[in-house]
Amino acid sequence: MYLKKSLYDERYYVSDFEEGAEPPAPDSLTVQQEVDSIAPYLEQLTKHEQKWVIEYSINGRGITEISRKYNVASTTVKSWRKSAIKKLRQLGITM
């Protein structure tokens with residue numbers, strides 16, 4: 001029962017970002033280094049797919065957070081994710 005509750009709490013945790021507050025800004029040098037490390041793979045993606053990869057993998061944002069940031073529907077972000085993952089898998093990258 002404890003495990004079930006902890007899994008529920010983990011899954012349905014409301015982050016500070018979802019409450020309207022921006023997450024703390026990460027160190028820009030670190031973020032830039034991370035972007036540079038994946039830059040060759042980003043070149044293979046569309047601008048929207050790149051947005052999803054950066055927001056998800058570097059900034060740690062979920063679909064809802066990304067859709068709010070770019071003012072698009074969550075289904076649109078899911079479409080970005082699906083096509084980005086498909087292209088990255090063809091390149092041998094797993095997320």
Note: Lys87 and Glu49 closest approach over all heavy atoms is NZ-OE1, 3.0 Å

For Gly60 and Glu65, work out which heavy atoms get closest and say how close.
O-OE1, 4.0 Å

Output yes when a side-chain donor or acceptor of Glu55 lies under 3.5 Å from a complementary backbone atom of Ile66, and no otherwise.
no

Side chain to side chain contact (heavy atoms under 4.5 Å, CB included) assessment of Val77 paired with Thr64:
CA-CA 8 Å; Val77 177; Thr64 304; over 6 Å; no

Working to the nearest 0.5 Å, report the span between OG1 of Thr76 and CD1 of Ile63.
11.0 Å

Return yes if some donor-acceptor pair links the side-chain N/O of Ser83 with the main-chain N/O of Ser79 below 3.5 Å, else return no.
yes

Closest approach of Ala84 to Val53 (non-hydrogen atoms, all atoms of both residues):
CB-CG2, 4.2 Å

Kindly check if the number of other-residue, nucleotide or ligand heavy atoms within 6.0 Å of CG (Asn71) is above 12?
no

With rounding to the nearest 0.5 Å, note down the distance linking OG1 in Thr46 to NZ in Lys51.
9.0 Å

Starting at OH of Tyr56, measure out to CZ of Arg61 and round the result to the nearest 0.5 Å.
14.5 Å

Say you draw a straight line from NZ of Lys47 to CG of Leu42; how long is it, rounded to the nearest 0.5 Å?
9.5 Å

Whether Tyr70 and Trp80 hold their rings parallel, tilted or perpendicular, with breakpoints at 30° and 60°:
perpendicular

Side chains of Arg89 and Lys86: does their closest heavy-atom pair fall under 4.5 Å?
no

Going from NZ on Lys78 to NZ on Lys82, what distance comes out if it is rounded to the nearest 0.5 angstrom?
11.5 Å

CD1 of Ile38 to CD1 of Ile54: how many Å apart, nearest 0.5 Å?
5.5 Å

